[in-house]
Protein chains: 2
Amino acid sequence: MLAIGEFSRLTHLSIRTLRRYHEAGLLVPATVDPATGYRSYGADQIPTAQVIHRLRDLDVPLADVRRILEAPDPAARGALVAEHLRRLEAELERTRGAVASLRRLLAPDPAPVHVEVRAVPATTVAAVEGDVGVDDVLAWYAGAMAELDAVVEDGDGAPGGLYDNALFEEGRGHVLVHRPTARPPRRGRVHPVTLPAVELAVATHTGPHDDIDVTYGEVGAWVVANALAVAGPVRETYLVGPRDTADPAAWRTEIGWPVFGVGER
Amino acid sequence: MLAIGEFSRLTHLSIRTLRRYHEAGLLVPATVDPATGYRSYGADQIPTAQVIHRLRDLDVPLADVRRILEAPDPAARGALVAEHLRRLEAELERTRGAVASLRRLLAPDPAPVHVEVRAVPATTVAAVEGDVGVDDVLAWYAGAMAELDAVVEDGDGAPGGLYDNALFEEGRGHVLVHRPTARPPRRGRVHPVTLPAVELAVATHTGPHDDIDVTYGEVGAWVVANALAVAGPVRETYLVGPRDTADPAAWRTEIGWPVFGVGER
DNA sequence: GTTGGACCCTCCCCCTGCGAGAGGGTGCAC
DNA sequence: GTGCACCCTCTCGCAGGGGGAGGGTCCAAC
């Protein structure tokens with residue numbers, strides 16, 4: 001039996017951390033003296049401590065570590081670990097994007113953004129809509145667009161999306177993706193929707209979506225400078241997107257802010 | 001002038017977060033109404049907000065973000081950012097190591113570790129020593145070993161290190177790296193040191209150092225099982241290390257715990 | 001037998017970077 | 001003047017610890 005100090009030396013986990021893991025039910029000492037509260041660990045708990053150490057190195061939350069340790073068999077354990085490695089992979093991808101975007105943002109002379117107001121008539125489109133959390137929006141979008149593509153054969157124009165402000169402000173909001181078509185079908189989640197006529201302050205964003213908030217900022221500043229007010233969800237139109245080319249630098253996205261009060265200044 | 005809500009929409013930073021950035025001095029509103037406390041932002045602050053957003057996406061601490069924003073010229077800014085990207089790179093490398101190590105730890109049938117006790121006589125070596133934080137130990141080691149190699153021409157044996165327990169327990173401790181040689185020189189940080197004679201419980205670890213705590217655990221368990229006590233800093237000897245081969249899988253590191261009370265059982 | 005020191009215990013506050021909510025003031029349109 | 005959107009400050013919560021206070025326990029040396 002090992003006192004907590006010895007166990008700490010053997011595992012390179014601090015005494016404090018071991019106590020916390022006990023409290024969290026992650027690594028319960030083999031015995032605890034009921035009179036003194038002294039913790040004793042068995043040498044056979046060292047490998048468990050090391051697995052926890054590795055998982056924490058990977059920033060796996062304690063709750064998930066517990067789930068992994070409680071897995072009934074090595075296969076289930078492996079599956080849970082693999083799941084986390086995938087999460088890590090995604091995180092890595094996100095980081096790569098942020099780095100690239102930071103580099104572009106700090107690069108000299110960004111191309112100026114051209115903003116103009118355009119009247120858009122009411123349009124009937126085939127759409128999929130739902131309430132989505134901001135973290136899930138990419139996955140949701142991919143699913144919705146795939147369904148849309150499967151159902152709409154005679155699309156005539158670039159697909160687009162409408163994003164409620166609440167999505168950005170409260171982390172959750174209404175999202176609608178659509179494809180324009182002459183006869184919008186009704187199948188599965190796909191159904192016809194008539195988008196109302198609006199005046200749109202539009203600008204076109206070129207490049208990956210990591211940078212899209214820059215163009216958003218430009219449009220917003222323009223709208224403010226021209227004394228307009230915003231009315232309704234932002235509209236994006238994917239003129240050239242991942243369905244058209246694998247090169248994000250070639251993507252072209254039209255950003256439209258519904259406005260009113262044009263030309264007051 | 002933009003109210004905080006509008007600015008929030010334009011930058012996709014929550015109102016709460018903007019207030020926090022104000023409080024932290026990161027992004028101070030252009031004006032604050034002294035009567036109501038209402039914050040107003042200028043459209044020219046949008047790019048700054050976006051840079052902060054990118055940096056935070058990369059988990060750059062707010063204090064460092066401020067330092068970057070306060071940099072006098074773009075060149076200095078770029079240097080600071082590059083510094084952080086390097087940190088990120090290192091982090092990534094660490095993560096890769098942890099993943100690989102986790103995989104090995106979960107892999108079936110690890111090779112059993114052979115532990116034995118060996119009497120080591122007092123030895124005089126050329127050494128570099130210092131008090132080091134656990135996070136800096138790798139960098140410190142690299143520098144110390146380079147200096148040692150530059151000064152010791154006639155080394156006769158594998159280099160090694162002595163690591164105080166405090167390094168692991170308190171995050172900071174005494175470290176000594178050395179090369180055995182017949183005539184230890186005294187130059188720069190290098191000086192002769194006589195390592196005392198000890199009984200060492202030794203085991204050899206094969207593979208990258210990401211896994212070394214596993215072997216540590218084995219040695220520790222063996223020491224406990226054989227009713228020995230530990231006396232003095234752990235000794236490592238780099239039989240085959242990064243100086244010998246670039247393939248970490250081929251590394252061989254001898255781990256020695258100074259013990260006494262041998263053979264009580 | 002007691003004293004010193006190493007070791008262990010619990011409890012509480014601190015850190016970062018937010019999110020959530022309470023409780024209250026402000027600005028503007030109808 | 002009444003509702004509503006918007007803004008303010010304040011406090012509390014989170015993970016995953018670090019740091020320290022204040023006190024009990026064990027063991028060997030004197």
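The sequence lines fix the lettering, A, B, ..., with proteins before strands; numbering per chain opens at 1.
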Integer-rounded Å distance: [N] [atom2] and [X] [atom1]:
X	N	atom1	atom2	answer
A/D57	D/dG16	CG	P	13 Å
A/R56	D/dG16	CZ	C1'	6 Å
A/R39	D/dG24	CZ	P	17 Å
B/D59	D/dA15	CG	P	18 Å
B/L2	D/dC7	CG	C1'	15 Å

With a 3.5 Å cut-off and no angle check, do the side chains of [X] and [Y] form a donor-acceptor pair?
X	Y	result
A/H84	A/R87	yes
B/H53	A/D213	no
A/Q50	B/Y216	no

Please compare A/D33 and A/A63 by the position of their nearest nucleotide in DNA chain D and report the one closer to 5'. A/A63
5′-ward residue of the pair B/P61/B/A35 relative to DNA chain C: B/P61
Does A/L138 CG have over 12 foreign heavy atoms under 6.0 Å away? no
Within a 6.0 Å radius of atom CZ on B/R103, are there more than 12 heavy atoms belonging to other residues, nucleotides or ligands?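 Count not over threshold, so no.
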Using a 4.0 Å cut-off on heavy atoms, which residues in residues 4-31 of chain B reach DNA chain C? List them by number, or say none.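 Here the set is B/S14, B/R16, B/T17, B/R20, B/Y21.
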Charged N to carboxylate O below 4.0 Å: is that the case for A/E91 and A/R94?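 Yes, charged N to carboxylate O under 4.0 Å.
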